[in-house]
A.B. asks: 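I have a structure here, written as C-alpha cells, and I will follow up with some questions on it.
Keep in mind the model is a prediction, meaning the values are calculated, not measured. Quick note on labels: first sequence line is chain A, next is B, and so on, each numbered from 1.
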4 protein chains.
Amino acid sequence: MITGTSKPHQRRGNTRQRIQDVALELIAEQGYEKTSLREIAERLDVTKAALYYHFKTKEDIVVSLFDDLMTPIDALIAWAKEQPPTLETKREILTRYSLALADAAPLFRFMQENQAQMRELSIGENFKDRMKDLLGTLVPEDVELTDRVRCFSALFSMHAGMFVLKDVEGDPEEKRLAILEVATDLVTQAHKH
Amino acid sequence: MITGTSKPHQRRGNTRQRIQDVALELIAEQGYEKTSLREIAERLDVTKAALYYHFKTKEDIVVSLFDDLMTPIDALIAWAKEQPPTLETKREILTRYSLALADAAPLFRFMQENQAQMRELSIGENFKDRMKDLLGTLVPEDVELTDRVRCFSALFSMHAGMFVLKDVEGDPEEKRLAILEVATDLVTQAHKH
Amino acid sequence: MITGTSKPHQRRGNTRQRIQDVALELIAEQGYEKTSLREIAERLDVTKAALYYHFKTKEDIVVSLFDDLMTPIDALIAWAKEQPPTLETKREILTRYSLALADAAPLFRFMQENQAQMRELSIGENFKDRMKDLLGTLVPEDVELTDRVRCFSALFSMHAGMFVLKDVEGDPEEKRLAILEVATDLVTQAHKH
Amino acid sequence: MITGTSKPHQRRGNTRQRIQDVALELIAEQGYEKTSLREIAERLDVTKAALYYHFKTKEDIVVSLFDDLMTPIDALIAWAKEQPPTLETKREILTRYSLALADAAPLFRFMQENQAQMRELSIGENFKDRMKDLLGTLVPEDVELTDRVRCFSALFSMHAGMFVLKDVEGDPEEKRLAILEVATDLVTQAHKH
DNA sequence: CATGAATGAGAGTTCATTCAT
DNA sequence: AATGAATGAACTCTCATTCAT
C-alpha cells in the first residue's frame, strides 16, 4: 500500500515516490541544505526539471515527506487524547510511539539532525506542537518540574536512541525494547508522584 | 566615541573574538549552511575579506569555536577518568557536566541542531568520541543494555534539555537543576543494578 | 530577425560551439588566467551560469578545445608511425604537420603562449607526449645529439613560426612554405648523417 | 654594482634580492598570474606588506627582474651592432648569446612560457624589439624569406632548447653546445646565400 | 624595515527555479 | 511526463593593494 504497487492511476508513475525515497535518504544523510536537487535528479537519472513536474519547490518535497509519514503519529496522538490518563494508557502510548518511530526512522533521523532547518520549513512548529500534545498525554497536570522533565526525557530519549545506538552492538529490536523500557520507567515514576 | 561610526578601521584586537561571537550566534540560530559569510561580515560591519584575514575558511571559524569552548569538557573528562567509579563520583561528573553545558549553551545548541553538518566538519567524530569517553565513566562495565540506555539517556537529556526547555515556563537555573536531578536518578539506578 | 536582440533565449543548439569559439579567441589573446568566465559570458550575451550548463568547469572548456582540435594531429601521428622511416616519409610528415598547424593556428598560439598553464591543465603532458611521438618518427635511432636537436628545432620552429612571423610582411601561405622548407632542410640533414 | 653585493648601505639588506629570486623561481614554474604575492611572501617568511616596501607593484617585481637580467643581452646587442656583418661576427654573436641565455635561463623560461602575460607587462614589446635588433645583426639585408626564417629559427631554437631539452638525457653543457652548433649552421647557410 | 589589519574587486562555482518544447 | 537551455542570486574564497603603527 505504501509503495504504490496497488492501484489508482500509475502505469509506472512511481517517479513521485522515487523522488521522495531518494530525497529522504540523501537529506537524512547530508542535511537539507547540503542536498541539492541536482544530486537527487542525478541519482534518479532524470533532469532537475522533472522534479518540478512533481513538486512545486524543494521545500515541497520535504513537506510531502512529512505529510506522508506523520499520519501515524497524528493518529496516535488523536487516539491518546481520547483515552483516560491512566498509567496503563501512558504505557500503551509509549509502546505505540516506539513502533511508530521505528517505522519512520529515517524521517526522525532527518528531523533530529536538521532542527535548525526545520524551523524555516514551517514544519518545525507543527512538529513541536505535536510533541507538546504528546507530552500532554503523558505528564500529569500540576506536576512538579522534575517529573515533567522525566516525561520529556522519556520522549526525547526515544527519538535520539533511534540513531545514537546505531553504532552500539546488538539487535535493533532488542535496543528498541531497552529504550522503551527506560522510557516507561521514567513515565511511571512521574505518574506515581 | 561610542562605537565609532565615523573612522575607517579602528577597534583593535577584538575582531577575531567578535567574529566568533557573531558566527556562533548566527549559526546556532540558522544553521551552518544557511549562515553566509556575507551575513557575518555585514553584522560586524567589516568586509568578507576581513574574515579571511582571521580565519582560513568558513569551516575554520566553527572549528575555532570548538577549540575554545571544548576545553572545559575535555578537562572534565580527563578528571573523570582518574576518579574511582563510585556513585559519588558519577554524581559529581553529572553536576560538573551540567555546569559546563550551561556555560557553553549556544555551542551545544548549535551542535544539537546541526548534527548533519557536524559529520562533515571533522568535529562530529571528535565529539562523539568524547561522549563515548564520558559515557564510559558513567556506565558500569558488563552492565545490561537497559542500564546502558539509562546512562546514555541521562547525558542526552542534559544536552537536549538546555534548549528544549527554553519555551517552558520557569527560571533557567531551576530547570537546569531539575534536569540534573533526573539525570542523576537515571545514573544512580544504573549504578545500583 | 537578423541576430535577434529582442527575445530572451532562442539561438538553439549552437551555444556550446559559440562558447568554444569565444573562449579560444579570448584565451589566445589574453592567456588562460586573465580570461574570466564573466568576460566570455558577456561576449556571448549569456550568463556565467549558462557556461556551466555546457561545461563542467573552466578547465573543461579548454580541454574540449583540445579534444576537438587535436584529432587531426593524432591522426597524423598514427599514420606517421606506420610508415617506413624514409626521408620521403619524413618530408611528408612535415608537410602534413605544417598544414595541420595552419588549420589549428589559434589553438597552437594559445598553447605556445600559455605553457605554464598547460602544465596544470593535464593537457601539457598529453601534448608533450605527442610531440615526443612525432619527434620519434623524424629522428633516426642512435643519432648524435646535434641531429636530434636539428629535428626538434624543425618542429619547434614550425610551432613558433605560426605567430612570430605574424608581424612580418608577406603572404601567410608564403611564410608557411618558407618555414616548411627550412624545417625540411633540417630534418634532411639529420637523416643523411 | 647591480646585485648589491658590493657596498653601499646593506647591513643584510638582501631582502630585495631574495624577493626577486623567489619571484623568478615561482613565476617561472607557475606563471605570472598563478603566482600570488602571498605565496612569495610566505616562502620568504615575511608579510605581503613587506614586498610593498621594496616594490611598488607586483608588475614592478617582474620588471625589475628584466632590468637586472637583460643588461648582458643589451650589451651584447650594442656590441653586435658595431661589428662588421661578417660570418665570423655572426658566429661570435651566437656564441655569446648562448652563454647569456644559459646565465639567465630561468628568466627566459619564464618569458617563453608567459608570452601572453608579457604583452601586458610592457616588457613584451621591449623584448620583441631586442629580438628584432638581434635578428637584424644576423640576417643579411635583402635576403629571401627562407633565409630570414633560418636565422629566426636559430634564435628561437636557442630559447626553446634551454628547457625543452631539460627532460632529455645528457649533460647540460653538452646540450647547449649542440644547440649552438645547429644554430650556427642555420645562420651560416643564410649568410652564404 | 616591516607588520597587522583591512579593503574592494573579482574570481570560479553552485543553486533553486523557469519555461518553451 | 519529462527535457534542454538558461537565469539570477548567492556562495566561498583569493588577490593586489593600502596605511597606520
A.B. asks: For the atom pair CG (Leu37(A)) and OG1 (Thr47(A)), what is the distance rounded to the nearest 0.5 Å?
C.D. replies: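 So the CG of Leu37(A) and the OG1 of Thr47(A) are separated by 11.5 Å.
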
A.B. asks: DNA chain E: Leu37(C) or Thr47(B), which has the more 5' nearest nucleotide?
C.D. replies: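 The residue closer to the strand's 5' end, by nearest nucleotide, is Thr47(B).
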
A.B. asks: Could you check how far CD of Glu33(A) sits from C1' of dT12(F), rounded to whole Å?
C.D. replies: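 Distance, rounded to whole Å: 15 Å.
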
A.B. asks: May I ask you to check if Lys58(D) and Tyr32(D) form a cation-pi contact, with NZ or CZ under 6.0 angstrom from the six-membered ring centre and within 45° of the axis?
C.D. replies: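 Geometry flag: set, cation within 6.0 Å and 45°.
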
A.B. asks: Does a nitrogen or oxygen in the side chain of Thr57(B) sit under 4.0 Å from OP1 or OP2 of dC13(F)?
C.D. replies: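 Thr57(B) to dC13(F) OP1/OP2: side-chain N or O found under 4.0 Å.
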
A.B. asks: Looking only at side-chain N and O atoms, does Tyr53(C) come under 4.0 Å of OP1 or OP2 in dA5(F)?
C.D. replies: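 Yes, within the criterion.
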
A.B. asks: Check this one for me: any side-chain N or O of Thr15(D) less than 4.0 Å away from OP1 or OP2 of dA2(E)?
C.D. replies: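 Yes.
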
A.B. asks: Phosphate oxygens OP1/OP2 of dC15(E): is one of them under 4.0 Å from a side-chain N or O of Arg38(A)?
C.D. replies: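 True: Arg38(A) side-chain N/O within range (under 4.0 Å) of dC15(E) OP1/OP2.
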
A.B. asks: Rounded to the nearest angstrom, tell me the gap between atom CD in Glu59(C) and atom P in dT13(E).
C.D. replies: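 Those two atoms, CD and P, are 9 Å apart.
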
A.B. asks: What is the distance, to the nearest angstrom, from the CG atom on Asp45(A) to the C1' atom on dG4(F)?
C.D. replies: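 Distance, rounded to whole Å: 15 Å.
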
A.B. asks: Find the distance Lys48(D):NZ to dC15(F):P and express it as a whole number of Å.
C.D. replies: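 After rounding, the reported distance stands at 8 Å.
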
A.B. asks: How far apart are the C-alpha atoms of Ile73(A) and Phe108(A), what are their side-chain angles, what is the distance that settles it, and do they pass the side-chain contact (heavy atoms from CB on, under 4.5 Å) test?
C.D. replies: CA-CA 12 Å; Ile73(A) 309 283; Phe108(A) 273 87; 4.0 Å; yes

A.B. asks: How long is the line joining OH of Tyr32(C) and C1' of dA11(E), in whole Å?
C.D. replies: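 It is 12 Å, rounded to the nearest whole Å.
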
A.B. asks: Can you tell me if the side-chain N/O atoms of His54(D) get under 4.0 Å from OP1 or OP2 in dA2(E)?
C.D. replies: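 Checking His54(D) against dA2(E): at least one side-chain N or O falls below 4.0 Å of OP1 or OP2.
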
A.B. asks: Give a yes or no on whether a salt bridge exists between Arg38(A) and Glu42(A), defined as a side-chain N under 4.0 angstrom from a carboxylate O.
C.D. replies: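 So Arg38(A) pairs with Glu42(A) through a salt bridge.
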
A.B. asks: Could you check how far OH of Tyr52(A) sits from C1' of dT7(F), rounded to whole Å?
C.D. replies: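 After rounding, the gap between these two atoms is 13 Å.
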
A.B. asks: Any side-chain N or O of Ser36(B) below 4.0 angstrom from OP1/OP2 of dC11(F)?
C.D. replies: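 Checking dC11(F) against Ser36(B), a side-chain N or O does come within under 4.0 Å of OP1 or OP2.
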
A.B. asks: Can you work out whether Leu51(C) or Glu39(B) has the more 5'-proximal nearest nucleotide on DNA chain F?
C.D. replies: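 Nearest nucleotide further toward 5': that of Leu51(C).
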
A.B. asks: In the structure shown, which nucleotide is the Watson-Crick or G-U wobble counterpart of dG4(E), with both distances under 3.5 Å?
C.D. replies: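 Per the H-bond distance test, dC19(F).
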
A.B. asks: Could you tell me the separation between the CZ atom of Phe55(C) and the P atom of dA5(F), rounded to a whole number of Å?
C.D. replies: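 After rounding, the gap between these two atoms is 12 Å.
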
A.B. asks: Rounded off to whole Å, could you give me the NZ-to-C1' distance for the Lys58(C) and dG10(E) pair?
C.D. replies: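 Atom-to-atom, Lys58(C) to dG10(E), this comes out as 12 Å.
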
A.B. asks: Given Phe127(C) and Met111(C), is the side-chain contact (heavy atoms from CB on, under 4.5 Å) satisfied, shown in steps?
C.D. replies: CA-CA 9 Å; Phe127(C) 185 68; Met111(C) 282 180 50; 3.0 Å; yes

